[in-house]
Amino acid sequence: GVSGAVEYREYYQDAMGCIEELALYLKPFSGGGGGNNSPLSRPMQRKLVTLVNCQLVEDEGRARAMRAARSLGERTVTELILQHQNPQQLSQNLWAAVRARGCQFLGPAMQEETLKL
């Protein structure tokens with residue numbers, strides 16, 4: 001009915017407002033200098049562009065937007081963790097993961113060295 005249409009329009013406007021607010025992060029910083037001077041990493045920029053390009057008026061577009069938003073959220077958490085982890089701890093975790101995988105992605109010489117760690 002009409003009340004359902006009004007409710008959906010409110011959801012649509014709320015969602016578009018959030019996406020438009022996020023899209024502002026794609027604008028480059030002012031301050032001169034060439035290159036990428038965005039506050040976001042390249043992967044975050046790509047994920048945000050994917051979200052901004054979703055058509056929210058279509059069912060499939062809304063489903064894509066949900067997947068894009070989730071992907072953006074997961075990347076945000078990953079980057080926050082990486083930023084707040086000290087490099088030595090990061091290195092220790094990386095080597096622990098390499099050992100846990102049984103060195104399956106390293107060549108034979110590297111496997112021998114890694115197993116000694």
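The structure displayed is predicted, hence computed values, not measured ones.
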Q: OG1 of T50 to CZ of R46: how many Å apart, nearest 0.5 Å?
A: 9.0 Å

Q: Please determine whether residues V77 and L22 belong to a single hydrophobic cluster, defined as Ile, Leu, Val, Met, Phe, Trp and Tyr linked transitively by side-chain heavy-atom distances below 4.5 Å.
A: no

Q: Measuring from atom CD1 of I19 to atom CG of D14, what distance do you get when rounded to the nearest 0.5 angstrom?
A: 11.0 Å

Q: Could you pull out the closest heavy-atom pair between G61 and C54, with the gap in Å?
A: O-CB, 3.6 Å

Q: Using a strict cut-off of less than 4.0 Å between a Lys/Arg side-chain nitrogen and an Asp/Glu carboxylate oxygen, indicate whether R67 and E60 qualify as a salt bridge.
A: yes

Q: So for atom CE, which belongs to M16, do other residues, nucleotides or ligands contribute more than 12 heavy atoms lying within a distance under 6.0 Å?
A: yes

Q: How long is the span from the CG atom in L72 to the CZ atom in R70, to the nearest 0.5 Å?
A: 13.0 Å

Q: Would a hydrophobic clustering, with Ile, Leu, Val, Met, Phe, Trp and Tyr connected at side-chain separations under 4.5 Å, put V52 with Y12?
A: yes

Q: First locate atom CZ of R64, then atom CG of L56, and finally report the distance between them rounded to the nearest 0.5 Å.
A: 11.5 Å

Q: Less than 4.5 Å apart, any side-chain heavy atom of Q45 and any of L48?
A: no

Q: From D59 CG over to R62 CZ, what is the distance, rounded to the nearest 0.5 angstrom?
A: 4.5 Å

Q: One pair to check against side-chain contact (heavy atoms from CB on, under 4.5 Å): L24 and K27. What are the steps and the verdict?
A: CA-CA 6 Å; L24 294 175; K27 289 177 108 175; 4.2 Å; yes

Q: Count the heavy atoms of every other residue, nucleotide or ligand shown that sit under 6.0 Å from CD of E21, and state whether that count exceeds 12.
A: no

Q: About how many Å separate CZ of R9 and CD of Q13, when rounded to the nearest 0.5 Å?
A: 6.0 Å

Q: Which pair of heavy atoms, one from A69 and one from L51, lies closest together, and at what distance?
A: N-CD1, 4.2 Å

